Engineer: 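Below is the structure I would like to discuss, written out as structure tokens.
Note that this is a predicted model, so its numbers are computed, not measured. Convention: sequence-line order gives letters A, B, ...; per-chain numbering from 1.
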Amino acid sequence: MKREKYLVTSALPYANGHLHIGHVAGAYLPADIFVRFQKLLGNNVIYICGTDENGAPISIKAEAEGKTPREIVDYYHDSIVKSFHELEIDFDNFSGTARPEHTRISQKFFLNLLNAGYVLQKTTQQLYCEHDKRFLADRYIEGTCPYCGAKGARGDQCDTCGKLIDAIKLIDPKCKICGNIPVVKETTNWYLELPKFEKPLREWLKTKTYWKENVLNFILSWLNEGLIERSITRDLGWGIPVPLDEAEGKVLYVWFDAPIGYLSSTVEWAKNLGTPELWKDYWLDPNTKLIHFLGKDNIPFHTIIWPSVLMEQEEKYVLPYDVPANEYLNIKGKKTSTSRNYAIWVRDFVKYFKPEFLRYYLAANAPETKDSDFSWEDFQIKVNNELANILGNLANRVFTFVKKYFNGKIEKPQNLSQLSENTLDEAYKLVNEIKECYANYRVRKAVKLIMDIARSGNKYFDETKPWFSVKDDKAAASETLYVCTELLRIISIVFSPVLPKAMRKLRTMMDLNTPLSWNELNNPSQKISLGTIEPLFRKITNKEVKEQNELLEKQSGVAPALEHKPEIDYDDFTKIELRVVKVIAAETIPKANKLLKLKVDCAGEIRQVIAGISQYYKPKELVGKQIVLLMNLKPRKLMGLESQGMILAANSKDGIAVVVPEKEVPEGSEVL
RNA sequence: GGCGAUGUAGCUCAGUUGGUUAGAGCAUCGGAAUCAUAAUCCGAGUGUCCGGGGUUCAAAUCCCUGCAUCGCUACCA
């Protein structure tokens, strides 16, 4: 058999937060399962990752906490490593991008591109925040997308239309740190000339017919819209210095150096093994299958920019063979939100449950083709009904039976009945299907098929009724038990990529000491001798589910630290004219979802105000109410209607509440 | 209003390129069994495959259209 060579990576987790189960479901567990499967087949595979440790968010976080970026990075690096370890996500090497080797390689990559003529130096206008005294990195600018008009676009990419944006082109930019309006300042940066890569990228993509459809469509639409030059340097203090004399104070853009982390981590791995050249065996061998596992948000960088960067290096690196991107894992139908602490953190999870449970649940419920949903109720159902009852109980009923009536020993019978033959044949048929699923990243289906083997075991056990036959036909009973232990042995192999620890335990109970390998499937065991047995999986109680739900509610209910605006003088405040007014008419505006048109009376002066409260207030409810109006706001047209002022309302995630005076006051009274 | 996704059993979903009688798990009901962690097995199902139209010998699947839900977005100043 030809031994295939794989280099598998997962997207580098960013070292400014802990690991949550959404990360695991999207980029790490699928990769770990794939790697374990390939190792089981005997293929040559290494699994490489590391933390992404550069970039503005880390330096900003460090500043906010009064620490050095290094301290932040180390803290989260350790936390992430620990979580991976607990989940048995086994990397061959887990590095970090703030290490010297990474710096060296990233700088070399930059220079190679520069020398090959793919990097342009340009002096441009950049956004600079005078309050924070820094050039604003893309992620710290927000504004309106110049292409689709969507608001809230970041400085590097619009989430609405997916286009890459030059921050300076944003309409109405704002500094996300302090909310001030940044000024434009001149600075020099280096740009990757992506348009030059369009043709080679297209050629390359023609060979990728086997990629996931959503990934391919995404890239093609990008290419069709035309690529633009991308700045690959930033004005920032924390990161990899641009290796040029004239680039004082500039670092490589984090998106440029992050994927290079896959390479530098491999180099580190080779060095640690004492064979420093070994990385070339993977990165420079065209037969290596380079596979990047990641979440859908990472697609453009791994399928457009990263391959382009790889194409124009001195050495001939392999290009990604496949980029199986996964969707997101929601929690009870809602998006994970780290800022609101609406997430299930791995380090919390392992305090309560075995990591195996999480691996099982996330594998059986993986967001392979669309977002999937996590709930503690569903988690309990899957673990109890499937893992514990169907598989765990099968093992338990078989093993206790063998212990009780056969002294823990079962031998292979001379001949098998038709039913036994069929049962085993069916299982082997499933094994082949399972292999296909693993190879094609269809973990969800693989898990289902494995459970089908366990189901067939229970069925077979019931049909052959060994508890009867053991009394008058011990050979028949023995045969039943043999077939069942065989099924369990098969499961112990094919399920090991998903549940390494539990399957090791299962094999220990069956006294199977040979190292795991897919090949073992070809050699039915001749006899089984059981060791000490115990239940494979415990069950999750209703009480635990309740506790977890309460915990989640509690932690996400805690309001995140409020961000305060810069101090102002009293004089600033006196510029504002607030008055109590009465709503005398209110109506909806056609085609507007959130807007209401109000007529208000301010001591005889009638004004028209357009307010965005239509989702929470019906026009009728407002008429006759006294509210507070910001009088001297510059009038502005909304949906073609002029708004002469702005009403005050409290804004919360559960809706908004209009501010009203505590008791009736004359209209026109000033609010101070 | 714009962009995107989704709509299949009570619930969660699977349904490959159009092709017999539309599937699985959970929940429900009935039964069997007592080796086992009250764990298993068998049986019963219930369906306007969101509605309407079209293409086709044939549509859950392709096209058009409408509706609903969700996400982002737009006006929320």
Engineer: In whole angstrom, give me the gap between the P atoms of B:C13 and B:A9.
Structural biologist: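 11 Å, rounded to whole Å.
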Engineer: Within the 4.0 Å heavy-atom criterion, would you say A:K459 contacts the bases, only the backbone, or no part of the nucleic acid?
Structural biologist: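 If one applies the 4.0 Å heavy-atom cut-off, A:K459 turns out to touch the sugar-phosphate alone, with no base involved.
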Engineer: Given the C1' atoms of B:C29 and B:G66, what is the spacing between them in whole Å?
Structural biologist: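 One C1' to the other, the span is 39 Å.
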Engineer: Measure CG/A:N330 against P/B:A5 and give the value in whole Å, please.
Structural biologist: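 Value for this atom pair: 17 Å.
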Engineer: For the side chain of A:N393 and the base of B:A36, is some donor closer than 3.5 Å to an acceptor across the two?
Structural biologist: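 Yes.
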Engineer: Taking only the P atom of each, what is the distance from B:G7 to B:C63 in whole angstrom?
Structural biologist: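 One P to the other, the span is 14 Å.
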Engineer: Tell me whether A:W467 and B:C35 count as stacked here, given that the ring centres must be under 5.5 Å apart and the planes must differ by less than 30 degrees.
Structural biologist: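 Whether judged by distance or by angle, A:W467 passes, so it stacks on the base of B:C35.
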Engineer: Nearest to the side chain of A:R455, which nucleotide is it out of B:A27, B:U37, B:G25?
Structural biologist: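 For the A:R455 side chain, the nearest candidate turns out to be B:G25.
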Engineer: Which nucleotide in the list B:U34, B:C35, B:A24 gets nearest to the side chain of A:F468?
Structural biologist: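 Nearest nucleotide to the side chain: B:U34.
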Engineer: In terms of the nearest nucleotide of RNA chain B, which residue is placed more toward the 5' end: A:K465 or A:D378?
Structural biologist: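 Checking each residue's closest nucleotide, the 5'-ward one belongs to A:D378.
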Engineer: Which nucleotide in the list B:A36, B:U34, B:U37 gets nearest to the side chain of A:A388?
Structural biologist: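 When the side chain of A:A388 is considered, B:U37 is the closest of B:A36, B:U34, B:U37.
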Engineer: Base, sugar-phosphate or nothing for A:I610? Non-hydrogen atoms, less than 4.0 Å.
Structural biologist: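 It contacts sugar-phosphate atoms only.
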Engineer: Pick from A:Y352, A:F357, A:F353, A:Y361: which one makes a ring pair (Phe, Tyr, Trp, His ring centres under 6.0 Å) with A:W376?
Structural biologist: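 Exactly one pass, corresponding to A:F353.
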Engineer: Whole angstroms only, please: what is the CG-C1' distance between A:D462 and B:A33?
Structural biologist: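 Result: 7 Å.
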Engineer: In whole Å, I'd like the distance from the CD atom of A:E377 to the C1' atom of B:A27.
Structural biologist: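 Going from CD in A:E377 over to C1' in B:A27 covers 14 Å.
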Engineer: Begin from the C-alpha positions of A:D452 and A:R455 and carry the test salt bridge (Lys or Arg N to Asp or Glu O under 4.0 Å) through to its verdict.
Structural biologist: CA-CA 5 Å; A:D452 282 345; A:R455 285 195 177 93; 3.2 Å; yes
Engineer: Classify the side-chain pair A:K575/A:N632 by whether it contains a donor and acceptor separated by less than 3.5 Å.
Structural biologist: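 Checked: A:K575/A:N632 side chains show no N/O donor-acceptor pair below 3.5 Å.
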Engineer: For nucleotides B:C50 and B:C67, find the distance between their C1' atoms and express it as a whole number of Å.
Structural biologist: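 Taking atom C1' in both B:C50 and B:C67, they lie 8 Å apart.
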Engineer: Looking at A:R359 and A:V498, what are the two nearest heavy atoms and their distance?
Structural biologist: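 Closest approach of A:R359 to A:V498: NE-O, 2.7 Å.
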Engineer: Using only heavy-atom distances, determine whether the side chains of A:E386 and A:Y360 contain a donor-acceptor pair under 3.5 Å.
Structural biologist: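 Yes, side-chain donor-acceptor contact under 3.5 Å.
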Engineer: Identify the nucleotide, in any strand shown, that forms a Watson-Crick or G-U wobble pair with B:A38, with both distances under 3.5 Å; if there is none, say none.
Structural biologist: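 Pairing partner, where one exists within any strand: none, as none qualifies.
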Engineer: Across all strands shown, which nucleotide pairs with B:A24 by Watson-Crick or G-U wobble geometry, both distances under 3.5 Å?
Structural biologist: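 WC or wobble partner is B:U12.
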Engineer: By the 4.0 Å heavy-atom rule, please label A:L595 as base, sugar-phosphate, or nothing.
Structural biologist: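 Since a base atom lies under 4.0 Å of A:L595, the category is base.
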Engineer: Would you call A:K382 and A:D378 a salt bridge, taking side-chain N to carboxylate O under 4.0 Å as the test?
Structural biologist: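 Between A:D378 and A:K382 there is a salt bridge, with a charged N closer than 4.0 Å to a carboxylate O.
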Engineer: Determine the minimum heavy-atom distance between A:S525 and A:E486, stating which atoms define it.
Structural biologist: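 Heavy atoms only, the tightest pair is OG-OE2, 2.6 Å.
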Engineer: Would you measure the distance from the C1' atom in B:G45 across to the matching atom in B:G23 and give it in whole Å?
Structural biologist: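 Rounded to whole Å, the distance is 14 Å.
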Engineer: If B:G1 has a Watson-Crick or G-U wobble mate with both distances under 3.5 Å, name it; if not, just say none.
Structural biologist: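 Check on B:G1: paired to B:U73, both distances under 3.5 Å.
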Engineer: Strictly below 4.0 Å, heavy-atom distances to any atom of RNA chain B: list the hits from residues 352-365 of chain A, or just say none.
Structural biologist: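 Those residues whose heavy atoms fall under 4.0 Å from RNA chain B, taken from residues 352-365 of chain A, amount to none.
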Engineer: Rounded to the nearest angstrom, tell me the gap between atom CG in A:L481 and atom C1' in B:C35.
Structural biologist: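 In whole Å, B:C35 C1' and A:L481 CG are 9 Å from each other.
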Engineer: Taking only the side-chain heavy atoms of A:R442 (C-beta and beyond), determine which of B:G15, B:U37, B:C35 contains the nearest atom.
Structural biologist: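 Looking only at side-chain atoms, A:R442 lies closest to B:G15.
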Engineer: Assign A:A611 to base, sugar-phosphate, or nothing according to its heavy-atom contacts below 4.0 angstrom with the strands shown.
Structural biologist: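 Contact class for A:A611: sugar-phosphate only.
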Engineer: Does any nucleotide pair with B:U6 by Watson-Crick or G-U wobble geometry, both distances under 3.5 Å, and what is it?
Structural biologist: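 Pair assignment: B:U6 / B:A68.
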Engineer: Strictly below 4.0 Å: does A:K539 bring a side-chain N or O up to OP1 or OP2 of B:A39?
Structural biologist: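 For B:A39, OP1/OP2 do have a side-chain N/O of A:K539 under 4.0 Å.
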Engineer: Check the distance between B:U40's P and A:I390's CD1 and give it to me in whole angstrom.
Structural biologist: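 Roughly 6 Å, once rounded to whole Å.
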Engineer: Can you tell me how far P in B:C62 sits from the matching atom in B:A24, rounded to whole Å?
Structural biologist: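 Each nucleotide's P atom is 23 Å from the other's.
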Engineer: What interatomic distance, in whole Å, is found between C1' of B:C64 and the corresponding atom of B:U55?
Structural biologist: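 Nearest-Å result for B:U55 against B:C64 at atom C1': 11 Å.
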Engineer: Please report the distance, rounded to the nearest Å, between CG in A:L578 and P in B:A77.
Structural biologist: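 Computing the A:L578:CG to B:A77:P distance gives 14 Å.
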Engineer: Taking the C1' atom in each of B:A60 and B:U6, what is the distance between them to the nearest angstrom?
Structural biologist: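 The same atom, C1', in both gives a distance of 14 Å.
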Engineer: Under 4.0 Å, counting only non-hydrogen atoms across every strand here, what does A:P466 touch: a base, just sugar-phosphate, or nothing?
Structural biologist: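 Nothing, no heavy atom under 4.0 Å.
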Engineer: Any chance you could lay out the side-chain hydrogen bond (donor to acceptor under 3.5 Å, both in side chains) test for A:Y405 and A:S478, step after step, and finish with the verdict?
Structural biologist: CA-CA 9 Å; A:Y405 295 102; A:S478 175; over 6 Å; no
Engineer: Kindly indicate whether a cation-pi arrangement holds for A:K474 with A:F406, taking the cut-offs as under 6.0 Å to the six-membered ring centre and within 45° of the axis.
Structural biologist: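 Verdict for A:F406: a cation-pi partner in A:K474.
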Engineer: Would you mind reading off the distance between A:I627 atom CD1 and B:A77 atom P, rounded to a whole angstrom?
Structural biologist: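 Nearest whole value for this atom pair: 10 Å.
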Engineer: Can you find a side chain N or O atom of A:K404 that sits less than 4.0 Å from OP1 or OP2 on B:A36?
Structural biologist: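 Result: yes.
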Engineer: Contact class for A:N396 (heavy atom, under 4.0 Å): base, sugar-phosphate, or nothing?
Structural biologist: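 Base contact.
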Engineer: For B:G43, give the paired nucleotide (Watson-Crick: N1-N3 plus N6-O4 or O6-N4; G-U: N1-O2 and O6-N3; both under 3.5 Å), or none.
Structural biologist: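 Per the H-bond distance test, B:C29.
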Engineer: Tell me what A:F406 touches on the nucleic acid: a base, only sugar-phosphate, or nothing, going by heavy atoms under 4.0 Å.
Structural biologist: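 The residue A:F406 makes no contact with any strand.
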Engineer: Applying the Watson-Crick and G-U wobble criteria at under 3.5 Å, what pairs with B:G19? Answer none if nothing qualifies.
Structural biologist: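 Pair assignment: B:G19 / B:C57.
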Engineer: Once you apply a heavy-atom cut-off of 4.0 Å, does A:F461 come out as touching a base, just sugar-phosphate, or nothing?
Structural biologist: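 The residue A:F461 makes base contact.
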Engineer: Heavy atoms under 4.0 Å, any strand shown: does A:E386 hit a base, just sugar-phosphate, or nothing?
Structural biologist: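 Contact class for A:E386: sugar-phosphate only.
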Engineer: Expressed in angstrom and rounded to an integer, what is the separation of A:N458 atom CG from B:A39 atom P?
Structural biologist: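 Atom CG in A:N458 sits about 13 Å away from atom P in B:A39.
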Engineer: Would you indicate whether the side-chain heavy atoms of A:K599 and A:V583 approach each other to under 4.5 Å?
Structural biologist: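 No. Closest side-chain heavy atoms not under 4.5 Å.
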Engineer: If only side-chain N and O atoms count, and only distance matters, is there a donor-acceptor pair under 3.5 Å linking A:E426 with A:S456?
Structural biologist: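 Looking only at side-chain atoms, A:E426 and A:S456 do not form any donor-acceptor pair under 3.5 Å.
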